Amino acid sequence: MHRPRLPLPRGPLSEELLDALPVGTDFRATLAAAPSATGDDAALALWVLHELHYRGFAGVDDALEWEPTLVRVRTLLERDLETRLRARCTPPEGRPFVADVLGWIDDQEGVSLARHVHHDADRDQVLDLLRARSLYHLKESDPVSWLVPRLGVPAKAALMELQYDEYGDGDPNRLHHHLFALGMAACGLEPAYDAHVDVAPAEALEQNNALTLFGLHRRLRGAALGHLAAFEATSSLPSRRMVHGLERLGFPDELVAYYAEHVEADAIHEQLAVRTICGALLAEEPELEGDLWFGAFTCLDLEDRFARAMLQRWGVEERAA
Amino acid sequence: MSYDHPDVILCPGGPMLLRGRHTVEDADGVPHETTRPVTAVCRCSRSASYPWCDDTHKVLPPKLRPA
């Protein structure tokens with residue numbers, strides 16, 4: 001299996017961490033740098049620490065996944081991230097999640113990268129977007145799989161019904177993150193999620209960090225499933241726009257196929273996520289409704305921040321969805 | 001304890017979820033095989049992927065959406 005490479009540092013903390021990981025013995029300087037880390041530096045450090053739980057890195061001991069000092073660093077960075085995410089969150093008050101979340105999402109007016117790709121993007125902008133998206137799309141659904149043992153019987157069965165489809169219904173050739181890898185390769189992009197970390201904006205790292213934070217912490221299972229619902233509910237129509245934009249620019253069929261698959265799959269998955277999965281969770285754990293909204297809000301908010309960051313670096317004026 | 005696990009779920013304003021392997025015949029008599037554990041069948045009749053749902057119902061005015 002491919003072993004990811006370590007990325008380039010983005011500040012004092014990530015520099016300490018990336019120097020210390022290959023040696024693997026002393027993380028005191030990394031811990032000392034953690035409390036004052038911010039922005040790109042903190043986001044990259046947390047992303048690297050999270051990756052120890054997914055695929056690890058070439059030249060880094062797998063045992064460091066649970067090294068106590070690194071877990072402490074991870075915890076500090078995660079607390080800071082969760083505090084910021086909760087401070088931003090202004091969900092609607094008093095609205096039932098299952099009945100109202102899809103309508104609430106439709107009413108939000110975030111910046112739409114899919115709309116830009118549909119009508120206006122050039123080839124280089126799309127390639128830049130694919131590189132940044134690859135951090136998530138090449139491990140699509142994996143953060144959600146951590147939830148499975150933490151759910152009651154009906155929510156667990158419902159989540160597996162959705163995840164089974166995400167993972168190709170038993171056929172590796174239909175597994176979604178493999179479809180994205182095929183699409184990248186057909187475009188001449190290296191289909192490995194370590195390959196493009198250095199060019200991904202902090203906003204992309206933060207999207208991934210939030211997903212992993214929600215996935216790794218059992219107490220945040222409500223936020224993870226709320227995020228899943230909002231993610232699926234903002235995929236089908238934008239994926240159709242991606243298909244049109246990619247066809248307009250003459251991108252390969254393999255990449256178009258990835259987005260075409262999501263037009264159909266996510267029209268199903270959004271209904272499953274809201275009705276059968278979140279519905280089953282709330283039936284057993286109604287106290288998690290606030291965290292469902294927190295997760296859904298965070299999904300839309302982080303995508304909006306990512307979209308603005310990408311448009312800004314392309315010098316494109318923002319347009320609402 | 002047993003749980004509800006219907007074969008069909010009608011989503012308010014949206015598609016019909018259909019569990020299991022089925023053949024769905026469209027308005028022109030053309031059969032379409034389901035390929036997933038759950039399929040969303042279009043109820044607004046305006047899907048570009050008909051008979052499957054493609055979320056087109058979301059861009060319709062409320063009165064044109066399925067009940």
Side-chain angles (χ1 to χ4, degrees), chain A residues 96 98-103 105-108 114 152-171 174 176 232-241 243-244 259-277 279-280 283-284 321, chain B:
Chain A
V98 172
D100 283 5
V101 70
L102 291 178
I105 288 169
D106 287 347
D107 292 339
Q108 306 308 302
V153 168
K156 181 181 290 184
L159 180 60
M160 286 308 299
E161 192 170 51
L162 185 154
Q163 289 293 86
Y164 187 63
D165 204 31
E166 292 282 349
Y167 287 128
D169 304 315
D171 180 353
R174 292 179 58 188
H176 283 185
E232 300 289 353
T234 50
S235 175
S236 180
L237 291 173
S239 291
R240 176 75 76 190
R241 286 188 179 277
V243 166
H244 291 318
Y259 287 98
E261 160 66 9
H262 285 76
V263 173
E264 193 182 300
D266 290 346
I268 306 164
H269 294 175
E270 68 178 341
Q271 301 291 348
L272 293 176
V274 172
R275 295 177 203 291
T276 64
I277 301 172
E284 290 197 330
Chain B
M1 179 174 182
S2 70
Y3 299 95
D4 290 338
H5 191 64
D7 297 320
V8 169
I9 300 172
L10 300 177
C11 304
M16 174 180 86
L17 299 181
L18 182 61
R19 284 194 167 109
R21 292 293 171 111
H22 302 278
T23 303
V24 174
E25 190 175 285
D26 68 21
D28 299 323
V30 179
H32 300 264
E33 305 271 339
T34 63
T35 60
R36 303 169 188 276
V38 184
T39 306
V41 181
C42 172
R43 290 203 299 149
C44 74
S45 306
R46 287 169 174 81
S47 170
S49 307
Y50 197 80
W52 314 133
C53 172
D54 71 349
D55 259 3
T56 295
H57 59 271
K58 287 186 173 181
V59 297
L60 298 176
K63 65 180 167 84
L64 291 180
R65 295 182 195 176

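These figures come from a predicted structure and were not determined experimentally. In what follows, every heavy atom counts, from backbone to side chain, and hydrogens, waters and symmetry copies are set aside. Naming: A, B, ... by sequence-line order, numbering from 1 per chain.
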Can you list the steps and then say if A:T276 with B:I9 is a side-chain contact (heavy atoms from CB on, under 4.5 Å)?
-> CA-CA 10 Å; A:T276 64; B:I9 300 172; 3.9 Å; yes
Counting heavy-atom pairs under 4.5 angstrom with chain A, the leader among B:A40, B:C11, B:S47 is B:C11
Given the options B:M1, B:H57, B:K58, which has more heavy-atom pairs under 4.5 Å with chain A than any of the others?
-> B:K58
Tell me, with the steps shown, if A:D165 and B:V38 meet side-chain contact (heavy atoms from CB on, under 4.5 Å).
-> CA-CA 8 Å; A:D165 204 31; B:V38 184; over 6 Å; no
Could you walk me through whether A:R174 and B:T35 pass the side-chain contact (heavy atoms from CB on, under 4.5 Å) check?
-> CA-CA 11 Å; A:R174 292 179 58 188; B:T35 60; 3.9 Å; yes
Pairs of heavy atoms under 4.5 Å with chain B: top-ranked of A:L272, A:L237, A:V263 = A:L237
Among the listed options A:A99, A:P154, A:A158, A:G103, the residue most often paired with chain B at heavy-atom distances under 4.5 Å | A:P154
When the 4.5 angstrom heavy-atom criterion is applied to A:A260 and chain B, the contacting part is neither
Side chain, backbone, both or neither: which part of A:S239 has a heavy atom under 4.5 Å from chain B?
-> neither
Nearest 0.5 Å, what's the CG-CD distance between B:D55 and A:E232?
-> 10.5 Å
Quick one: does B:S49's side chain get under 4.5 Å of A:R240's, heavy atoms only?
-> yes
Does a side-chain heavy-atom distance below 4.5 Å link B:C53 with A:I268?
-> no
Has B:D4 got more than 12 heavy atoms of other residues, nucleotides or ligands less than 6.0 Å from its CG?
-> no
